[in-house]
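One structure below.
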Amino acid sequence: MRFHIEELEILFPYPRIYPEQYAYMCDLKRTLDVGGKAVLEMPSGTGKTVTLLSLIVAYQQHHPEKRKLIYCSRTMSEIEKALAELKALMKYRTEQLGHEEEFRGLGLTSRKNLCLHPSVKREKSGSVVDARCRSLTAGFVKEQRERGEDVEMCVYHDNLDLLEPHNLIPPGVWTLDGLMKYGEEQKQCPYFTARRMMPFCNVIIYSYHYLLDPKIAERVSKELSKDCIVVFDEAHNIDNVCIESLSIDITEDSLRKATRGANNLDRKITEMKSTDAQKLQDEYAKLVDGLRDAGEARDEEAFMSNPALPDDLLKEAVPGNIRRAEHFISFLKRFIEYLKTRMKVLHVISETPLSFLVHLKDLTFIERKPLRFCAERLTSLVRTLELTNIEDYQPLQEVATFATLVATYEKGFLLILEPYETESATVPNPILHFTCLDAAIAIKPVFDRFSSVIITSGTISPLDMYPRMLGFEAVVQESYAMTLARKSFLPMIVTRGSDQGVLSSSFTIRNDPSVVRNYGNLLTEFCKLTPDGIVVFFPSYLYMESIISMWQGMGILDTIWKYKLILVETPDSQETSLALETYRTACNNGRGAVLLCVARGKVSEGIDFDHHYGRTVLCIGVPFQYTESRILKARLEFLRETYRIRENDFLSFDAMRHAAQCLGRVLRGKDDYGIMVLADRRFQKKRTQLPKWIGQALPEAESNMSVDQAVAVAKKFLKDMSVPYEGLMQEGISTWSLSDLKRHQAKKEVEEIEQLQRDAEMEGLEEANGNGNGVVNGNGNGVGNGNGNGVGNGNGKVVDEFDMDEDDEEAMMALDG
Amino acid sequence: MQRNGAVPAPFEDAEEECPICHSKRYLRKDMKFMINPECYHKMCESCVDRIFSHGPAACPVAGCNKTLRRARFRKPTFRDLQMEREVDIRRRVAEVFNREEVDFDTLKDYNDYLNDVEDVTFNLIQNIDVEEAEAKLDAYAAANKQLIQSNMKRAKEGVDTFRARQEAAKESAQQRRKAALQEEEETRREEEEERRNLLKALDAGGDAEVLTRQSQEAMRYRAQIRKEALANEISANENANGSAQFTIRGLKKHVEKEEEEEEKPYDPFDGLSDKREYFVLQEDYGWENYDRLNKPEYSAGGYNIHEYYNRALCEAFSGLGVFIGDSSDEAPPAVASAGAALAAASPMSDDVF
Ligand code: SF4
Ligand SMILES: [Zn+2]
Ligand SMILES: [Zn+2]
């Protein structure tokens with residue numbers, strides 16, 4: 001379908017469009033036109049990705065400057081999905097336009113997923129693959145070979161150098177699979193092909209980390225130009241990603257390994273001094289002038305990168321006392337020894353970076369400034385020493401990164417030292433958490449650098465929370481309702497059991513047998529009435545375990561067993577994927593199953609339960625975070641102090657975004673249907689914090705129900721759903737054909753004109769009134785959001801079945817670091 | 001040296017044993033080890049008591065012939081005694097070489113200085129050319145006695161300010177926390193009250209909808225006011241703290257680029273030039289007052305607006321290049337700029353403005 005939004009022609013690869021997709025495009029275009037940041041919430045299962053891509057690609061092709069799109073998503077499967085959508089879109093464009101556009105779209109993921117080297121690719125761990133690859137591709141290895149030494153290199157990497165550097169791969173959209181195949185045919189490395197082609201791509205699709213983790217971003221995303229359009233999809237957790245990318249945990253074990261690394265380096269330096277002292281001397285000479293100059297030659301394979309160092313610092317000369325290699329090693333050793341000493345305390349300590357630095361200086365005479373250069377200095381040394389077995393130095397690198405971070409940031413970080421793993425442990429196992437409290441730090445470079453940043457997800461309510469936490473101002477903030485021809489999902493809040501006793505997972509009563517029994521009762525009832533799959537979410541593993549064992553004792557599980565197969569998520573991902581497999585089989589055959597899982601676990605984030613895989617989702621208890629965690633407490637305090645976000649507001653926001661994620665799992669498209677039950681008294685008050693599209697479908701009357709009421713409503717709902725339903729009934733209401741769209745646009749235009757006329761009249765009126773104070777109430781909200789709730793019958797196959805492939809792998813990308 | 005109360009009580013390692021009496025921690029739970037900075041040989045507390053309580057004695061470790069005194073025994077900070085020794089040496093060096101970045105005219109000078117200091121330290125630690133290093137240390141100490149003293153004082157002041165500031169920050173954080181709690185409490189109370197009032201009014205037979213709306217609005221309004229008041233109070237607090245923290249440091253002597261001592265034409269003013277160091281005179285400063293007056297009908301003969309600009313700027317910058325330290329005799333040679341001596345900020349803030 002082809003249509004215009006203002007001057008822009010959009011080619012949309014489906015014959016019909018949802019009203020909310022159209023609205024989303026309009027807002028997106030507005031954001032791109034004015035530049036700036038946007039937060040957009042689009043109901044899950046309404047084809048967000050394809051909408052986004054069609055608009056942005058149209059925008060790119062329309063404007064001569066062809067701004068690049070950087071599309072960030074979270075998981076491998078999401079990236080694959082987006083690439084496939086893009087490919088289909090471009091195919092459609094070619095058909096429609098009659099010629100192929102000059103266009104390149106590439107996805108990037110870790111080496112582990114893309115490597116072709118026969119022995120390297122077989123390594124299990126991502127970091128080993130990275131390290132081995134580096135030792136086969138590093139710049140000095142090549143030099144060594146040119147000198148005639150016999151060193152092993154990767155042919156796939158070498159072959160790239162034979163190609164034109166800006167044309168390593170023909171234009172077009174390459175899915176990860178396609179890229180691998182092409183690489184195999186041409187004997188060229190897919191990973192480096194993608195990385196090197198990045199500056200020449202129109203669309204790049206990769207994981208968040210490539211942009212947010214300063215340790216990686218510096219290397220991978222440095223060359224992207226300012227006018228890129230950056231999109232963070234599935235961004236409801238973006239603040240946590242930001243924080244994690246700057247937080248470091250140090251254990252005694254890692255310190256031991258770091259010491260070993262430092263000793264190795266020491267030995268290498270001595271060796272080199274006797275064989276090739278000139279190299280060290282050269283390095284020294286370079287460092288006198290400044291790091292960046294020394295690092296200029298740094299190739300894409302640098303050992304590691306510095307964490308978010310301000311640029312001017314990099315240009316500065318390295319402090320005199322760590323210029324010499326042996327001085328620097330002694331410096332590192334001293335720092336590690338200090339950390340070891342700190343690890344030996346028996347009580348919890350939390351302190352700010354500043355006070356840590358003062359104490360450090362008192363004890364070891366380490367100043368802040370050289371500390372700050374640690375990471376960069378180490379990189380330079382490793383390069384000079386031409387080390388190949390880089391993976392051995394990982395722990396040392398971590399310590400150096402920590403050093404740099406702690407010396408760079410005064411605010412927004414906290415050091416927490418916990419001598420014991422758990423409250424009850426007697427054997428100390430100290431961990432030094434260097435935790436970032438401020439999500440804005442990691443994302444700031446992104447905001448500073450790129451003019452258009454779009455943050456979007458299916459559940460990102462309340463919208464204003466994100467700008468506050470991430471420290472930006474949004475030019476457009478929008479949440480779209482879901483237009484439905486019939487009500488296809490039923491959100492309910494159940495607050496009481498059938499005996500009118502409260503339902504709540506609050507700490508004081510969560511283990512009350514009556515509460516547990518009521519929850520059990522709720523589950524049993526829904527197992528009886530739901531066809532196929534049920535997914536149940538608990539706030540935590542601990543709580544889930546205790547409830548399950550209590551249910552066992554009460555015989556509740558036995559009852560459920562009669563209706564459904566019971567499967568449980570565990571922290572072990574292998575076990576969980578097995579459970580999921582079984583769950584799906586059970587849903588496909590016969591009476592279905594119930595999957596018990598955790599609201600912050602893997603299932604809740606990455607796995608879709610479309611159609612019969614999930615007809616009911618049951619949220620048992622509000623999924624609050626574990627508030628006794630010291631890190632969380634520190635973060636809460638920080639949020640209150642810095643962004644004036646109250647503890648309870650944040651906790652409740654956080655709980656609700658996870659709850660919303662859970663609910664969104666079962667509804668993956670407009671022809672899907674499902675029941676969403678929030679079972680806790682406390683949800684009643686938090687109703688307003690649900691995303692708009694869920695909130696709208698949740699009338700007041702259904703937000704305070706008892707179990708038997710809920711059962712009755714659910715039964716009725718399912719009965720309605722089972723009435724055959726004609727796809728045609730959706731026409732013009734929840735899906736628009738081209739003519740519907742045109743009608744809508746025309747109507748809007750008329751409205752706009754009328755509005756203008758009214759304004760003009762008003763002005764005239766005011767003028768006529770002289771300087772009288774005429775009350776103006778021109779309500780300029782001319783966006784008609786065709787919204788209707790018709791009920792019909794017939795079961796037409798709805799045409800647009802995109803964005804709902806099933807994927808159960810939540811292979812979080814293994815990253816290079 | 002111990003501060004923050006954070007210096008650790010070392011973990012007990014059951015296998016650790018005293019190299020002198022061979023008793024194990026496993027058997028004597030409260031066993032403590034001590035070292036003497038003469039030789040850094042470790043032994044248990046009771047051995048120390050036993051051997052050295054009657055005055056100086058030789059170290060009991062075989063091959064070590066140092067004479068040790070009871071008084072100098074102490075508990076080590078680091079597990080690694082090599083490190084213990086290193087840090088002791090560093091302390092000694094740091095007490096002598098205590099110049100900071102602000103004391104140098106260029107960053108390069110400072111870095112070279114650091115490099116040299118580290119060379120000396122490193123040699124001392126690694127026992128390379130110890131005599132030479134010691135000699136350097138002594139020579140420097142003798143040559144810069146006064147400077148060392150004043151730097152020490154400055155460092156101490158720096159630490160004090162830092163601590164005071166930490167305290168202040170902690171206090172204000174507590175205050176804010178309290179205020180926030182209070183606000184929450186107040187909100188709750190008011191809501192409660194409002195509800196009661198509402199019920200009363202309803203009892204009296206008012207229109208439920210209107211009353212509810214009214215009361216909600218009132219509540220929102222009050223919350224708003226409270227929030228603003230709180231924000232004001234906090235920012236006032238912060239400002240008060242901020243002004244106390246303001247210090248000047250880092251004014252540097254303006255260094256001329258090295259001039260070649262070549263034969264030059266005779267300069268009657270001996271290098272004094274009328275070139276401006278700190279500003280470049282611009283054609284126009286766009287100040288409308290003067291634009292208005294700068295017309296031929298208003299100016300006297302020979303009046304030139306640029307002369308005025310020049311004078312004004314000159315006045316504004318005069319004195320910036322004069323360093324009191326240079327003209328006073330007491331000042332140590334070549335090093336201290338008045339700015340640096342004045343500087344009392346914490347050693348932590350190394351950004352120079
Ligand atoms: S260059 Fe490519 S193919 Fe070769 S080892 Fe590295 S990732 Fe694998
Ligand atoms: Zn002993
Ligand atoms: Zn001895």
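A, B, ... follow the sequence lines: proteins, then strands. Residue 1 opens every chain.
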*Could you tell me which residues satisfy side chain to side chain donor-acceptor pair (under 3.5 Å) with A:Gln689, sequence neighbours excluded, listed by chain and number?*
A:Ser652

_chain A contact via B:Phe122 - side chain, backbone, both or neither, heavy atoms under 4.5 Å_ = side chain

_When you compare the side chains of B:Tyr113 and A:Asn321, does any donor N or O come within less than 3.5 Å of an acceptor on the partner?_
no

*Counting only heavy atoms not in B:Glu171, do more than 12 fall under 6.0 Å of its CD?*
no

*Please indicate whether B:Glu184 has more than 12 foreign heavy atoms, meaning atoms of other residues, nucleotides or ligands, lying under 6.0 Å from its CD.*
yes

*How would you list, by chain and number, every residue that makes a side chain to side chain donor-acceptor pair (under 3.5 Å) with A:Lys273, sequence neighbours excluded?*
A:Glu326

*Tell me, do A:Arg323 and B:Asp112 make a side-chain contact under 4.5 Å, heavy atoms counted?*
yes

*If you measure from CZ on A:Phe331 to CD on B:Glu118, what distance do you get to the nearest 0.5 Å?*
9.0 Å

*Minimum-distance pair of heavy atoms, taken over all atoms of A:Thr364 and B:Phe78*: CG2-CZ, 3.6 Å

*When you check the gap from the basic side-chain N to the acidic O, do A:Lys369 and B:Glu100 get nearer than 4.0 Å?*
no

*Minimum-distance pair of heavy atoms, taken over all atoms of A:Pro319 and B:Leu114*: CB-CD1, 4.4 Å

*Does B:Val93 reach the side chain of A:Phe365, with side-chain heavy atoms less than 4.5 Å apart?*
no

*Could you tell me which portion of A:Arg334 (side chain, backbone, both or neither) has an atom closer than 4.5 angstrom to a non-hydrogen atom of chain B?*
both

*Which atom pair, heavy atoms only, marks the closest approach of B:Thr77 to A:Thr341?*
O-CG2, 3.1 Å

*Could you grab the distance from atom CD1 of A:Ile366 to atom CZ of B:Arg90, nearest 0.5 Å is fine?*
8.0 Å

*asked:* Nearest 0.5 angstrom please: A:Ser355 OG to B:Lys170 NZ, how far?
replied: 8.0 Å

*When you check the gap from the basic side-chain N to the acidic O, do A:Lys340 and B:Asp80 get nearer than 4.0 Å?*
no

_Proximal component of B:Asp116, with respect to chain A [non-hydrogen, under 4.5 Å]_ = neither

*Least distance between heavy atoms, B:Ala173 atom then A:Glu641 atom*: O-OE2, 3.8 Å

_Side chain / backbone / both / neither for B:Val87 at chain A, heavy atoms under 4.5 Å_ = both

*Please state whether the side chain, the backbone, both or neither of B:Gln126 comes within less than 4.5 Å of a heavy atom of chain A.*
neither

_Can you confirm whether B:Arg176 sits close enough to A:Arg640 that some side-chain heavy atom of one is under 4.5 Å from a side-chain heavy atom of the other?_
no

*Can you tell which of B:Asp119, B:Thr121, B:Ile125 has the highest number of heavy-atom pairs within less than 4.5 Å of chain A?*
B:Asp119

